[in-house]
Amino acid sequence: MAEEKVQTFEIPTECKAGVVVNEGPEFRVEVQMVAVPEIKPNEVLIKMNATGICHSDIHFMLNDWALPKMSTMGVKCAGHEGAGVIVKVGADVKTLKPGMRAGFKPIADTCGVCELCRTDKECYCAKAVLTGLMVDGSYKQYIASPERYTTVIPDGVSDFIAGPIMCSASTIYTSIKESGLQPGDWAVFPGGGGGVGMQGVQLAKAMGLRAVAIDTGDDKKKLCLETAGAEVFIDFKKVADVAEEVVRICDGIGAHAVFVTAVQSYPSSLTLLGGRIGGKVMCIGLPPAGQYHMDVDPNQMCFKKQGIQGTLVSSMADVDKTLDFAKRGLLKPIFTVFPLSRFNDAVQMLRRGEIAGRAVTSTFNRHFASNFLPPSRHARLGICFRSCRPLHVEGMSSSSSSQSAHRQAEASSSRPPNRQPTVDDDEDSDAEDGLLSEDPLDHSLPEQISFKRKQKTTASTSSFGLPRFLSAGTNTPSNRQSPLPRSPQSRLQHLRTNPRANDSTELILNYLDTPGTAGEQLQDTKDANGLDWYVEGPGRRVGYDDLTAIDWIFEYAKERQRLRYLYSGATGILGYVKQLADASQIWLILIAAGILSGGIAAFIDVASDWLGDLKTGYCSNVNGDGQFYLNKGFCCWGYSEYSQCHDWHPWSRALGINSVSGGWIVEYIFFVLFSVLFAACASLLVREFSTYAQHSGIAEIKTVLGGFVMRRFLGVWTLVVKTLGLCLAVASGLWLGKEGPLVHVACCSANLFMKLFGNVNGNEARKREVLSAAAAAGISVAFGSPIGGVLFSLEQLSYYFPDKTMWQSFVCAMVAAVTLQAFNPFRTGKLVLYQVTYHSGWHDFELIPFAFLGILGGLYGGLFIKLNMRVAEWRKNRTYLNGPVTEVVIVAFVTAMVNYPIKFMRAQASELVYFLFAECADLTEDTLGLCKAGKANTGVVALLLVSAMLGIILASFTFGLQIPAGIILPSMAIGGLYGRAVGLTVQVLQQNWPTLFLFASCEPDVQCVTPGTYAIIGAASALGGATRMTVSIVVIMFELTGALTYVLPIMIAVMLSKWVGDAISPRGIYESWIHFNGYPFLDNRDDNGSSIPDVPAAQVMTRIEDLIVITATGHTIQTLRQLLTQHRFRGFPVIDNTRDALLLGYISRTELAYALSSALSAPRNLSPETEAHFSHQPLSDPTTSLDLRPWMDQTPITLNAKASFQLTVSMFQKLGLRYVLFVERGTLRGLLTKKDVWFVLNGMDEQDGDTGGIGVGGGRGVVREQGVDGESEERGLLATPVDDEDEEGVRGLGLR
């Protein structure tokens, strides 16, 4: 018998740990690197995934119990309730194996031989080893645990639940069990709103007891009653006599048992028993030594048989039983999860009593949470995540693969989505360093952009530069137009030397800016151009990080200021020439992009046709002008039938095989081999040189046009790989098309030329206008449809499409089409191969089959999207056949094996579509047998339908592979197949029953039904069902056929297909992939208000208590740099002080980091201890302090804290906002980011209807239930399905 495989893990020599520093009243927990422990032969090494934070830990660190100090025993790490995975076992370990999940308990080990250890009281063993006091505890990434005392965690129990069970939940279970209560008895829990208390309430309910929770606060009341399951909640701040109320509730007698988890309740706990005979007080909470006592009257104990009993912790058996409660869903998680970066914050908050439920730290691992607790349960079970980003730690093993569900509301949100590319912390740091290394304030730039009207000055220098053309980055210009620090000049001097200055305003501003004790001679460090950024300034900007949202308002304001500066300084002929040159930049870009797009499209047409024909044979000169580089059509140019062409050599004839069967087999083999080779080469190109060249790119383009930054997505390498990959992918015969990817190619072309013009390349909003216009060129060359391209960009892609962009789109599309026409790749004068002409019209009775085709198109679109998304989910979660190239090879092999025997599928997609669309009269050779008559059509119809079904399946697996692939042409081919089948069927019916009343309008001896028109209507319906486009499809089909007569049938079919498709799947194929990848795209044209939860924004926003904010004063450069090191958030609200919390503005991480870095370097060379401030300090010395107001957005978009969520969503959609701050009378109340809104609207779509009282909005949005006073401990968004991608990959994206 083969030996069972043992999972192995990579174990570092050092790991992260929460180390207790300054043990005693002023203790704190610091994350440090410590050595990974060496295990003994009978021990296992457990990698901690989560650790609960218990009050006992705090007592150990405070050293307020009558116990030795941790440090005297050599212990650095507290913690005694953790859960993780076994990564290594000792030589003598028999029952445990690596990969098993295990827990770490308050007792690390016992002697195992004494009388206590042989019963269920081993935790009282005199030789018991106390975790976190005598040995390092669970505040450590790796811990050693003896095999005999290690608890195995069953499947189905999250580490977040299992960790606290090791101590708190199991202890309260033991206490309830030892109390001897019977079902129906009253169990009272003072401190029921705390972590141990809520677990006790749940267990009591599960054991049939009637639970009464005593605590205070509407948030805790809601949790106790609705989530924990308490029968009654008593708010001790609202009830005059708690004991009297307990007695009244408990049958007028008193509690059967009181379980004291809040140590403050010990003095009064006996009064809660009232007159209950046999009542017990169960002591669970452990106060500091000597702090609380219970006044016991022996008479009461005797006459009422009452008693007091204590519980330390649980036995191993009781821990297992408690885990079983959790496994059965009877112990719900009610806790707050903190990331490792906030370890000390979590401990201190628990110490101050600021946490409802249990506090849990997601120790050290970034990817484990969703393994054991899916995001859909986070909302139902009341978990509040206090980190916006997953935590990444070096040296982490791959024992857990899923992404963390942590979430903290910050000035930025990175929820990665399950499928969205995110950047690990280390990668983020590298990207940030790279961004900051590019000086946005380089003095070669034009004079700075301000937001105050200036006097006329000289115009900016030319922004044309060849180095920009060669730059590799996209969406991130190397230089930014930002305010430039010039040589210091006193504003007072400026006032005296500028006769145009406004006396009243400038004198006041000068007074405010002059330090009170400095005098007139002190230089003013503020900008010398009259930029009053503290009055009206959105602040200077450095740039945008990868995978962040742009600030539309700032970009357009910057452009207005640039134009104002340009026109105010443009005088004379030279000034008008500069204005003309500036206005012509976009036109030059679009014309150049159109020419390049047309040339690339022609190259792809020629190359893919030649490679596709190479699968069946090759061309050589026999008796004509044949050359190897010619495809079959050009090789046999002038022949009416291919059989007459001797220059074309099928592979069977080239190998000298004359038999029909042998030749068929040989050609079959060559067909399959070349198909696999071309597909593999295309996939290798994508994998090795540009992963952004995969798929169609339309989903990403929509996201980019919506204001998202994706570096390298539109770069030169992406353009090259996309072009070459398309040639190979199309030639491989896979069920894909080049039409969608050509849109990506056109946008890459425009981005390439934009690098030559800094004024355009330096403004992210203008870049997106240009990209919207360029996208039209892609559809123009794909279908030979310039007008259709313009409408496609307007209807499907663009986020912001002003009138000027429509005209620009038209010009770019026209230039691209003219260029393609000039190349004439097919030598037929057609822009595309399947461009056809119809000679006959349609009849009224055909509206019925046309409508039927529309319904079929909607069914196809809805079902195809669902199938394609299921395949994508399977592809992401599978554990076998890993490797994108391997999968492409397999799919290409299967596709080729299926395609070759079926003549309809063997043809290239564009060739197939042409034969399906064309009238039989226009075909010189019926190579596919579509023009047969009579009964012969029966087999053709069946084969057409079989081909359509197989095409749907193959396209579902192909669209999503790591290969350039579009879905437009496959959808048209599938629609054309079933459309032609319907057309042939109607034609047979009309020919067999010409006198039927339906066919009365048909003329005798004239063909009544044209099957080709059914194919094009079927193609339009399939395309509409898949993409949900409407007007643009109708125009594209009209431009393809030139038949205005068929516009009405196409409109009917497209309308019906969209209705049916929307009923099956609300999202089109591109929107589905946006959602799947987790891209933060908010459609500003989505007016379906019913899909937005009708709740106050306060229930969704991240509240100020959970935000990392910056106060106006009290900082040094060093402390701010430490803040950036400790928190990876994308930005921070700025307030005046923590007491009043008046909002002053918002500063992004990138700007703050750059400002601090610049201050420490030449020419200022400030000390790290230099004071830094965010508000006006008239007495500060500007030469020895750092004023950060120029970098702060002092005019952020704000809303009243009572505003509705629907209004908030509308603002995000219409204004393209990155974040909104919520205020009340100027006081900061909370924040929402674009990613937060996206997550609420999209992130929880897979949730079922049971939301545990927390989900609101029909399962689409996830918000918090609000208490009576609007307060809640469940702050911030709940969790995010994260991924891998961004991760991106795209997969956790961080937004600002």
Side-chain angles (χ1 to χ4, degrees), residues 425-450 467 471 473 476-490 513 515 518 522-529 531 533-534 537-546 548 758 762 1110 1112-1132 1134 1145 1147-1175 1177 1180-1193 1296:
D425 284 354
D426 290 345
E427 296 172 357
D428 252 359
S429 178
D430 294 340
E432 183 175 288
D433 292 342
L435 179 66
L436 298 182
S437 66
E438 299 175 352
D439 186 359
L441 305 182
D442 184 72
H443 289 266
S444 64
L445 287 176
E447 184 169 346
Q448 73 272 17
I449 302 304
S450 80
S471 173
T476 53
S478 61
N479 292 319
R480 287 297 208 177
Q481 291 185 349
S482 300
L484 295 178
R486 305 190 308 180
S487 57
Q489 175 187 7
S490 170
D513 283 345
L522 186 62
Q523 290 181 328
D524 188 354
T525 59
K526 300 180 178 61
D527 189 83
N529 284 318
L531 170 58
W533 28 256
Y534 50 85
R540 299 173 179 173
R541 300 295 168 89
V542 173
Y544 298 106
D545 288 329
D546 192 18
T548 58
I1110 298 178
T1113 57
H1115 308 287
T1116 65
I1117 294 178
Q1118 182 62 30
T1119 59
L1120 289 174
R1121 287 169 66 89
Q1122 290 176 353
L1123 175 72
L1124 293 177
T1125 302
Q1126 295 171 2
H1127 305 288
R1128 303 298 302 176
F1129 307 154
R1130 299 285 187 181
F1132 308 89
V1134 180
I1147 187 165
S1148 293
R1149 176 187 189 86
T1150 308
E1151 278 73 49
L1152 179 58
Y1154 180 81
L1156 298 177
S1157 176
S1158 299
L1160 295 175
S1161 57
R1164 298 204 68 184
N1165 293 319
L1166 296 178
S1167 165
E1169 302 304 321
T1170 301
E1171 174 191 356
H1173 52 84
F1174 294 84
S1175 62
Q1177 303 296 316
S1180 67
D1181 185 348
T1183 63
T1184 58
S1185 63
L1186 178 61
D1187 192 341
L1188 291 169
R1189 285 180 292 168
W1191 300 96
M1192 178 176 68
D1193 182 0
R1296 308 196 281 175

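The first residue of the sequence shown is numbered 1, and numbering continues consecutively from there.
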For [X] and [Y], work out which heavy atoms get closest and say how close.
X     : Y     : value
F1174 : R1189 : O-CG, 3.3 Å
D546  : R1130 : O-NH2, 4.3 Å
L1188 : A1172 : CD1-CB, 4.1 Å

Would you confirm whether [X], through its side chain, and [Y], through its main-chain N or O, come within 3.5 Å as a donor-acceptor pair?
X     : Y     : result
S1167 : E1169 : yes
T1119 : H1115 : no
S1158 : Y1154 : yes

Quick one: CZ on R1164 to CG on L1186, what's the gap to the nearest 0.5 Å? 6.0 Å
State the CD-CG distance between E1171 and L1166, to the nearest 0.5 angstrom. 11.5 Å
Which is it for R1128 and R1149 under the side chain to side chain contact (heavy atoms under 4.5 Å, CB included) test, yes or no, and what are the steps along the way? CA-CA 8 Å; R1128 303 298 302 176; R1149 176 187 189 86; 3.2 Å; yes
Can you find a heavy atom in the side chain of [X] that is under 4.5 Å from one in the side chain of [Y]?
X     : Y     : answer
L1120 : F1132 : no
R1121 : L1160 : yes
S1175 : T1113 : yes

Hey, mind stepping through H1173 and D1187 against side chain to side chain contact (heavy atoms under 4.5 Å, CB included) and telling me if it holds? CA-CA 5 Å; H1173 52 84; D1187 192 341; 3.4 Å; yes
From the list I1147, D1193, L1152, side chain to side chain contact (heavy atoms under 4.5 Å, CB included) with V1134 holds only for I1147
